[in-house]
Amino acid sequence: MVYSLAYVRSRVLTIEAVKVRFAPSPTGYLHVGGARTALFNWLFARKHGGAFILRIEDTDRSRHVADSLEKILDDMRWLGLHWDEGPEVGGESAPYFQSERLDIYTRHIDKLLESGRAYFALETPEELSAMRDAANAQKQTFKYRRPDPLPTVEEGRAAKAAGREVTVRFAMPENDMIVQDEVLGEVRIPREELEDFVIQKRDGWPTYHFACVVDDELMGVTHVLRGQEHLMNTPKHVAMQQAMGFRTPIYAHLSIIFNMNGSKMSKRDKEKALAKGLVPPEIDVHDFRVAGYLPEALLNFISLLGWSPGEDREQMTLEETVEAFDLSRLGSANAKFDRDKLLSFNTDWCAKLSPERLLAALKDFASVSGSKLADFDDETLAYLLRINAGYRTFRDIEAKCAFLWAVDDAIEYDAKAVRKVLQKNEGAGFSMLEHLVELLANHESWESASLEQFLTTLCEEKGVKLGAVAQPLRVALTGTTISPPIYDTLVLLGREKTLARIQRILTLKETIAQG
RNA sequence: GGCCCCAUCGUCUAGUGGCCUAGGACACUGGCUUUUCAUGCCAGUAACACGGGUUCGAGUCCCGUUGGGGUCACCA
């Protein structure tokens with residue numbers, strides 16, 4: 001096997017310092033697939049004591065979305081994927097916004113032009129698309145054919161000066177390209193498949209390919225871990241590196257993440273579900289955050305997509321993952337995103353994280369989701385966390401506690417619950433409530449322990465199970481048969497509201513019975 | 001369609017020629033615990049896509065078939 005000089009050199013270089021980057025484009029929220037890419041890069045940097053760079057690829061101003069950068073940075077922070085160089089923290093290779101590096105790209109394009117490895121292309125977009133259509137009409141794939149003779153640099157510059165909008169294309173070498181990949185091995189792409197692609201658009205900005213290659217070199221990137229959808233870009237990048245005398249980083253193309261039905265996970269899934277009136281699936285990191293997931297669980301789960309620590313290990317902390325992370329354990333087969341398994345992971349993380357950590361996470365959830373939970377103080381929130389043990393996401397707590405901020409007179413009663421718990425056995429549930437409203441009004445203390453004592457004694461006297469008391473109460477207080485443990489439910493709601501709600505359902509007894 | 005990548009339970013995966021009558025996890029099914037929901041606990045069902053080789057021996061190596069995916073922009 002023959003390795004290129006650049007390849008060998010980059011190999012040696014990595015012994016000294018690992019440098020990786022995550023390079024999102026500010027076109028929206030951080031996608032869960034992007035988060036996985038970011039995570040793997042981050043893990044690799046941490047594992048080898050290297051640097052993790054965050055670079056913003058914003059060369060296409062038309063696709064720029066306002067607030068996107070802030071959103072991406074915020075979600076990266078939420079995940080705990082802090083960057084060593086990039087926006088807000090700076091670094092030796094600043095700036096980290098490609099939109100601020102135009103002069104650098106222009107300089108390198110000029111050099112390529114001078115050396116003859118790039119040339120001005122005069123076709124207009126209309127001409128190109130016409131050629132493309134013509135090729136398609138004949139069922140052929142359009143390949144850009146290098147003009148002969150080529151316009152000279154002077155001619156190109158003159159055309160540009162004359163107001164003509166020209167592009168610059170990279171002159172691909174005449175040989176097949178070989179990509180060395182850590183997970184796929186050696187990939188050979190036939191020369192016929194490669195064409196002279198555009199490196200400078202007519203607006204003067206570089207294309208992704210060019211900016212990416214220049215920045216990786218200038219920023220000292222040693223390893224490129226990116227999605228497999230980039231595999232066919234890599235030969236182009238390697239060719240440019242060779243033309244410019246750059247090092248070739250070590251590549252590792254990650255398997256792609258799909259939905260359970262095999263489709264690509266995309267924002268479109270959300271739109272489609274919404275159109276059908278369904279609950280939109282979580283696609284962006286932010287969606288999971290708002291849905292009440294823990295970053296610990298999400299990270300742990302996505303780390304296992306396309307990678308495995310082996311030894312049947314699954315649930316592990318980020319630190320353990322860093323320790324176990326290795327390129328050799330990256331998988332090549334695409335993975336499907338199993339939401340059930342994520343939910344299960346989240347449940348387990350909710351059960352094992354410290355109360356302090358859970359409280360902080362719950363507060364974050366409350367603030368980003370706009371939950372009424374945000375109105376409670378820390379003590380109450382910690383209490384809620386404790387009594388709801390067994391919840392799977394914070395949304396479960398939110399749902400189970402919704403009765404707390406419901407308006408007494410606006411509670412809606414679940415028909416099935418009313419029938420089963422209140423009307424059955426000649427209205428035994430209603431009778432129980434009638435009995436309770438009196439007793440509770442006069443009960444001296446309103447603390448959990450005291451109420452427990454009171455209710456269990458009551459059950460013994462009446463010879464019934466606790467359910468015979470608790471369930472009617474739940475329906476009266478929440479409208480459903482679901483609530484936190486009954487004593488806590490009473491305490492949280494308070495005596496006043498408790499009595500008001502019992503009285504209301506008793507008043508509505510006949511109306512409800514008909515409904 | 002051309003080129004490229006991939007292929008172990010429904011899903012994520014372990015497996016790097018003998019330790020595999022293929023292991024773990026999620027899901028599923030059954031049971032137990034429980035004041036509701038949930039959690040928890042126990043048990044069970046379930047896979048090497050197919051066909052050829054190579055080898056004493058193949059889930060593991062090679063070839064083909066089939067299937068899935070990626071990519072073919074002046075987007076990234």
Side-chain angles (χ1 to χ4, degrees), chain A residues 23-27 57-60 62-63 98 121 123-125 128-129 132 136 139-143 165-169 179 181 183-185 187-190 192-195 197-203 205-209 211-212 227-233 235 253 255-256 258 260 262 264 301 304-315 328-329 331-345 347-348 350-351 388-392 396 399-400 417 421 452 455-456 459 465-471 473-475 478 480-487 489:
Chain A
S25 186
T27 54
E57 311 223 323
D58 53 356
T59 53
D60 186 350
S62 66
R63 296 219 318 167
Q98 292 188 331
E123 298 83 2
T124 64
L128 285 171
S129 73
R132 213 164 266 130
N136 287 341
K139 285 189 183 166
Q140 288 188 324
T141 313
F142 172 70
K143 281 271 155 1
E165 293 188 306
V166 299
T167 61
V168 174
R169 283 181 187 261
V179 172
D181 186 89
V183 347
L184 302 175
V187 180
R188 184 185 203 98
I189 291 85
E192 312 81 80
E193 297 302 315
L194 277 358
E195 63 177 4
F197 54 94
V198 172
I199 56 176
Q200 186 180 57
K201 302 182 257 186
R202 31 197 229 145
D203 61 8
W205 285 88
T207 54
Y208 154 74
H209 301 294
C212 173
Q228 228 175 75
E229 63 269 21
H230 282 288
L231 185 58
M232 288 300 129
N233 291 155
H253 288 93
S255 60
I256 302 175
F258 292 99
M260 283 303 277
K264 215 171 175 178
F301 176 72
L304 264 16
L305 261 25
W307 177 77
S308 164
E311 299 170 342
D312 292 337
R313 290 221 284 159
E314 285 207 324
Q315 293 195 15
S328 70
R329 299 202 61 92
S332 46
N334 291 160
K336 287 179 183 159
F337 195 93
D338 186 349
R339 291 163 192 282
D340 288 333
K341 185 154 180 171
L342 200 220
L343 219 212
S344 170
F345 268 46
T347 306
D348 291 340
C350 285
N388 281 299
Y391 57 93
R392 315 202 71 182
D396 288 350
K400 227 181 193 178
V421 177
E452 176 170 2
L455 290 183
T456 43
C459 286
K465 286 191 185 172
L466 188 52
V469 178
Q471 290 305 75
L473 274 174
R474 284 198 169 90
V475 177
T478 74
T480 73
T481 54
I482 302 168
S483 90
I486 197 64
Y487 317 115
T489 301

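Numbered from 1 within each chain, the chains take letters A, B, ... in sequence-line order.
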**Student:** If you check the Arg474(A) side chain, which of U36(B), C37(B), C74(B) turns out closest?
**Tutor:** U36(B)
**Student:** Which nucleotide in the list G70(B), A76(B), C5(B) gets nearest to the side chain of Lys264(A)?
**Tutor:**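 Out of G70(B), A76(B), C5(B), the nucleotide with an atom closest to Lys264(A)'s side chain is G70(B).
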**Student:** Could you please name the option among C72(B), U36(B), G70(B) that lies closest to any side-chain atom of Ile482(A)?
**Tutor:**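 Ranking C72(B), U36(B), G70(B) by closest atom to the Ile482(A) side chain puts U36(B) first.
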**Student:** For a quick check of understanding: with a heavy-atom distance under 4.0 Å over all strands, which category does Glu123(A) fall into, base, sugar-phosphate or nothing?
**Tutor:** base
**Student:** Shorter than 3.5 Å, N or O on both sides, protein versus nucleotides 10-14 of chain B: list them out with atom names.
**Tutor:**
unit_1 : atom_1 : unit_2    : atom_2 : d
C12(B) : OP1    : Lys336(A) : N      : 3.2
C12(B) : O2'    : Leu304(A) : O      : 3.0
C12(B) : O2     : Lys341(A) : NZ     : 3.2
U13(B) : OP1    : Gly306(A) : N      : 2.5
A14(B) : O3'    : Arg329(A) : NH2    : 3.3

**Student:** Report which part of the nucleic acid Arg188(A) touches: base, sugar-phosphate, or nothing (heavy-atom distance under 4.0 Å, all strands).
**Tutor:** sugar-phosphate
**Student:** Closest approach to the side chain of Phe258(A), judged atom by atom: which nucleotide of U35(B), G69(B), U39(B) is it?
**Tutor:** G69(B)
**Student:** Do Thr489(A) and Leu473(A) have side chains that get closer than 4.5 Å, going by heavy atoms?
**Tutor:** no
**Student:** With a 4.0 Å cut-off on heavy atoms, is Asp348(A) in touch with a base, just the backbone sugar-phosphate, or nothing at all?
**Tutor:** sugar-phosphate
**Student:** Looking at the base of U39(B), is there any donor atom on it, or on the side chain of Arg392(A), that sits under 3.5 Å from an acceptor on the other one?
**Tutor:**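 Answer no: no donor N or O sits under 3.5 Å from an acceptor.
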**Student:** May I ask you to say what Thr481(A) touches in the nucleic acid, namely base, sugar-phosphate or nothing, with a heavy-atom cut-off under 4.0 Å?
**Tutor:** base
**Student:** Strictly below 4.0 Å, N to O, side chains only: are Glu229(A) and Lys264(A) in salt-bridge contact?
**Tutor:** no
**Student:** Against Ser255(A), only a single residue in Leu305(A), Asn334(A), Val183(A) fulfils side-chain contact (heavy atoms from CB on, under 4.5 Å); can you say which?
**Tutor:** Asn334(A)
**Student:** In the structure I gave you, are the side-chain heavy atoms of Leu184(A) and Gln228(A) within less than 4.5 Å of one another anywhere?
**Tutor:** yes
**Student:** Tell me whether the side-chain N/O atoms of Arg63(A) come closer than 4.0 Å to OP1 or OP2 in A76(B).
**Tutor:** no
**Student:** Considering only atom P, compute the distance from G69(B) to U29(B) and round it to an integer number of Å.
**Tutor:** 29 Å
**Student:** Using a heavy-atom cut-off of under 4.0 Å over every strand shown, decide if Thr167(A) touches base, sugar-phosphate, or nothing.
**Tutor:** base
**Student:** Need to verify one output field. Residue with the more 5' nearest nucleotide on RNA chain B, His209(A) or Phe142(A)?
**Tutor:**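 It is Phe142(A), whose closest nucleotide lies nearer the 5' terminus.
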**Student:** Would you compute the distance between atom CZ of Arg169(A) and atom CD of Glu123(A) and round it to the nearest 0.5 angstrom?
**Tutor:** 6.0 Å
**Student:** Between Glu229(A) and Ala389(A), which is nearer to the 5' end of RNA chain B once each is assigned its nearest nucleotide?
**Tutor:** Ala389(A)
**Student:** Look at the side-chain N and O atoms of Arg169(A) and state whether any lies under 4.0 Å from the OP1 or OP2 oxygen of C74(B).
**Tutor:** yes
**Student:** Need one value for Leu128(A): base, sugar-phosphate or nothing, where a base atom within 4.0 Å counts as base even if backbone is also close, heavy atoms only.
**Tutor:**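 Base, at least one base heavy atom under 4.0 Å.
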**Student:** Would you mind reporting whether Phe197(A) and His209(A) have side-chain heavy atoms less than 4.5 Å apart?
**Tutor:**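 His209(A) reaches Phe197(A) side chain to side chain.
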